[in-house]
Protein chains: 2
Amino acid sequence: MAMATALNHPIDPATVEPRVARSQNAFGALEFPGAARRYGRNEEIFGEGGRADYFYRILTGTVRLYRVLADGRRQIAAFQFEGDVFGVEASDYRHLSAEAVSDCEIVATPRSAMLRHAERNGDFAHRMWARAVTDLAEAHDHMLVLGRQTAAEKVMSFLGDVAGRQGTGTLVKLTMSRQDIADYLGLTIETVSRTLTQLERRGALEVQSARRIELRSNPQRPLDS
Amino acid sequence: MAMATALNHPIDPATVEPRVARSQNAFGALEFPGAARRYGRNEEIFGEGGRADYFYRILTGTVRLYRVLADGRRQIAAFQFEGDVFGVEASDYRHLSAEAVSDCEIVATPRSAMLRHAERNGDFAHRMWARAVTDLAEAHDHMLVLGRQTAAEKVMSFLGDVAGRQGTGTLVKLTMSRQDIADYLGLTIETVSRTLTQLERRGALEVQSARRIELRSNPQRPLDS
DNA sequence: CGTGCGTTTGAGTGAATTCAACGGCTGTGG
DNA sequence: CCACAGCCGTTGAATTCACTCAAACGCACG
């Protein structure tokens with residue numbers, strides 16, 4: 001990795017660039033009708049290459065969107081949380097797969113109905129477009145993380161994002177496993193684990209339990225110790 | 001990197017997943033009015049954080065879209081070629097920067113005019129949305145490359161993409177420098193260079209000149225030699 | 001024919017990986 | 001309510017792929 005001075009810089013969750021607020025441009029329940037369905041942990045919602053007949057909206061739970069290589073290497077493109085809309089495709093086929101990370105309640109609406117609604121309702125069409133453009137901006141953010149950050153930076157960046165989404169200040173409750181985090185950040189499960197303990201030793205955070213992490217802002221020694 | 005067996009698999013440019021055809025959903029000249037402006041090599045078109053008052057369409061040349069970290073590490077999110085539309089933002093501010101890779105002719109149209117046009121023309125609004133969703137799918141593809149592929153796979157993937165865009169079969173004419181390629185693939189310039197010579201030794205391609213590469217499909221020994 | 005930038009090559013280092021074993025939490029059945 | 005099983009997470013040791021630092025090469029341009 002391109003590294004250089006990264007570990008000499010303090011890694012402060014507060015300096016993580018603010019992400020675009022999700023509530024903006026979200027779709028209301030009225031514009032996203034349909035019965036909620038439950039999905040169990042690790043259940044597939046749709047698979048790459050399948051037909052893209054529905055758009056989805058999460059009522060509760062966490063979803064992972066990912067692609068896999070032939071030999072099984074997996075890249076999670078994004079996690080989707082409560083209120084998020086996913087599975088939006090322009091073509092008839094899925095370019096990635098979706099699975100429930102935790103138990104979920106999800107509403108599915110036919111793509112055809114959404115497109116028809118957008119045709120008639122210019123404001124809705126605009127919000128659908130804005131949502132896509134915002135997702136694209138987030139994807140660009142994540143590319144910077146994947147391509148140019150170190151393991152420590154990746155993990156801090158991820159925790160900062162999740163904290164921002166949860167709005168619980170510096171306390172992060174993880175709904176996903178270390179493997180999921182690794183596949184999101186382009187690391188191995190061992191590196192994620194090791195990096196968390198190193199960050200803890202450096203005082204950047206506290207691993208209260210595997211799925212519960214408290215972020216401690218800047219004051220943190222370089223990497224001596 | 002997650003690697004394992006990658007170099008034992010042949011890396012065949014023909015097996016690179018077909019990308020979405022760019023001609024689909026493109027915007028016609030009529031729908032993208034404005035005078036063309038020339039940009040010189042490495043000239044900035046817009047910068048991260050600046051106001052997003054225009055959408056751009058390339059008549060000739062190549063553009064890089066990128067983000068940079070405070071210490072200068074750069075990630076190129078995408079290259080844009082002839083016919084491509086870029087600089088499309090939902091918010092008023094740029095989330096990334098754009099520069100001319102080569103001399104370019106580019107048309108700029110006010111964002112307000114585009115949005116007004118989309119309001120009145122449902123079909124245009126739909127194509128604008130479809131373009132954004134397709135760009136997002138391409139971003140997801142690139143995340144898989146950045147997060148889970150080896151240097152050799154990254155370089156082959158990149159060359160396959162460019163070949164696909166140029167439609168010149170197996171001959172690739174690069175308009176960008178090794179540094180640009182490195183920053184697109186999350187590698188260093190030295191690794192890109194070394195990887196190209198290794199791939200050449202393995203018979204996967206021929207570096208006819210620095211900016212001209214001929215792809216030779218599969219028949220290629222593992223990595224002995 | 002020099003000059004300079006972009007590219008290639010070399011040597012050594014290091015961050016993250018692989019392979020392996022151990023630890024600890026959770027949830028279920030006795 | 002406790003004990004056990006299984007999964008998830010952590011830690012250790014050795015390896016490796018890509019990086020850093022450094023120098024040489026070569027093509028384009030003046």
Side-chain angles (χ1 to χ4, degrees), chain A residues 1-8 11 40-42 71-74 101-103 145-156 173-202 205-213 222-223, chain B residues 1-8 11 41-42 71-74 101-103 145-155 174-202 205-213 223:
Chain A
M1 283 201 75
M3 220 316 58
T5 56
L7 287 188
N8 301 322
I11 298 167
R41 204 165 197 269
N42 296 323
D71 62 1
R73 284 174 285 170
R74 180 179 74 162
V101 168
S102 60
D103 289 344
V145 173
L146 284 173
R148 289 297 180 216
Q149 296 202 162
T150 61
E153 291 172 317
K154 284 176 173 182
V155 169
M156 285 307 287
K173 287 182 183 176
L174 299 172
T175 52
M176 66 290 289
S177 68
R178 294 286 185 272
Q179 186 64 66
D180 283 334
I181 298 172
D183 286 348
Y184 179 66
L185 296 176
L187 299 171
T188 60
I189 185 175
E190 295 96 332
T191 298
V192 170
S193 186
R194 261 187 266 275
T195 302
L196 279 168
T197 50
Q198 284 164 204
L199 286 169
E200 184 166 35
R201 269 199 281 270
R202 283 204 263 150
L205 52 78
E206 184 190 341
V207 182
Q208 300 179 338
S209 76
R211 302 290 184 105
R212 187 184 165 92
I213 291 171
L223 86 156
Chain B
M1 282 200 75
M3 221 314 58
T5 55
L7 287 188
N8 300 322
I11 298 167
R41 206 164 195 270
N42 295 323
D71 62 2
R73 283 173 287 169
R74 180 178 74 161
V101 168
S102 60
D103 290 344
V145 173
L146 285 172
R148 289 296 180 217
Q149 296 203 158
T150 62
E153 291 172 316
K154 284 177 173 182
V155 169
L174 298 172
T175 51
M176 66 291 289
S177 69
R178 294 286 185 271
Q179 185 64 65
D180 283 335
I181 298 171
D183 286 348
Y184 179 68
L185 296 176
L187 299 171
T188 61
I189 185 174
E190 296 96 331
T191 299
V192 171
S193 187
R194 260 187 266 273
T195 302
L196 279 169
T197 50
Q198 282 165 205
L199 286 169
E200 184 166 35
R201 270 199 281 270
R202 282 204 264 150
L205 51 79
E206 184 189 341
V207 182
Q208 300 178 339
S209 77
R211 302 292 183 104
R212 186 185 165 91
I213 291 171
L223 88 156

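Convention: sequence-line order gives letters A, B, ...; per-chain numbering from 1.
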message = What is the distance, to the nearest angstrom, from the CG atom on Asp71(A) to the P atom on dT18(C)?
response = 11 Å

ask   = Just how large is the angle between the end axes of the helix from dC1(C)-dG30(D) to dG30(C)-dC1(D), five pairs per end, to 10 degrees?
value = 40°

note = For Thr191(B) and Ala151(B), the nearest pair of non-hydrogen atoms, with its separation, is CG2-CB, 3.8 Å

request  = Taking the side chain as every heavy atom from C-beta outward, state whether Ser177(B) and Arg211(B) have any pair of such atoms under 4.5 Å apart.
outcome  = yes

query = Just how far, in rounded Å, is P of dG10(C) from CD of Gln198(B)?
reply = 11 Å

ask   = What integer distance in Å separates Arg73(A):CZ from dT17(C):P?
value = 13 Å

request  = Indicate yes or no for a side-chain donor-acceptor contact from Asp103(A) to the backbone of Gly40(A) under 3.5 Å, with no hydrogens or angles considered.
outcome  = no

ask   = Is any side-chain nitrogen or oxygen of Thr188(A) closer than 4.0 Å to OP1 or OP2 of dA16(C)?
value = no

Please enumerate all protein N or O atoms sitting under 3.5 Å from an N or O of nucleotides 6-12 of chain D, with distances to 0.1 Å.
unit_1  : atom_1 : unit_2    : atom_2 : d
dG9(D)  : OP1    : Arg211(A) : NE     : 3.1
dG9(D)  : OP1    : Arg211(A) : NH2    : 3.4
dG9(D)  : OP2    : Arg178(A) : N      : 3.1
dT10(D) : OP1    : Arg178(A) : NH2    : 3.3
dT10(D) : OP2    : Arg178(A) : NE     : 2.7
dT10(D) : OP2    : Ser193(A) : OG     : 2.8
dT10(D) : O5'    : Ser193(A) : OG     : 2.9
dT11(D) : OP2    : Thr197(A) : OG1    : 3.4
dG12(D) : N7     : Arg194(A) : NH1    : 2.9
dG12(D) : O6     : Arg194(A) : NH2    : 3.3

request  = Can you tell me the distance, in whole Å, between the CZ atom of Arg148(A) and the C1' atom of dT20(D)?
outcome  = 13 Å

ask   = Can you check whether Leu196(B) reaches Ile213(B) side chain to side chain, under 4.5 Å on heavy atoms?
value = yes

query = So, do Met156(A) and Thr195(A) sit near enough that their side-chain heavy atoms are less than 4.5 Å apart?
reply = no

task = Could you check if a side-chain atom of Asp180(A) sits within less than 4.5 angstrom of a side-chain atom of Arg74(A), using non-hydrogen atoms only?
result = yes

request  = Nearest whole angstrom, please: distance from the P of dA15(C) to the CG of Leu185(A).
outcome  = 18 Å

key: Side chain proximity check, Val155(A) to Leu185(A), heavy atoms < 4.5 angstrom   = yes

ask   = What integer distance in Å separates Leu187(B):CG from dA16(C):P?
value = 15 Å

Any Glu153(B) side-chain heavy atom under 4.5 Å of Val145(B) side chain = no

ask   = Which whole-number value in Å describes the distance from Leu146(B) CG to dA16(C) P?
value = 16 Å

message = Please report the distance, rounded to the nearest Å, between CZ in Arg212(B) and C1' in dC27(D).
response = 16 Å

message = With a 3.5 Å distance limit and no angle check, can you tell me whether Arg148(B) reaches the backbone of Leu187(A) through a side-chain donor-acceptor pair?
response = yes

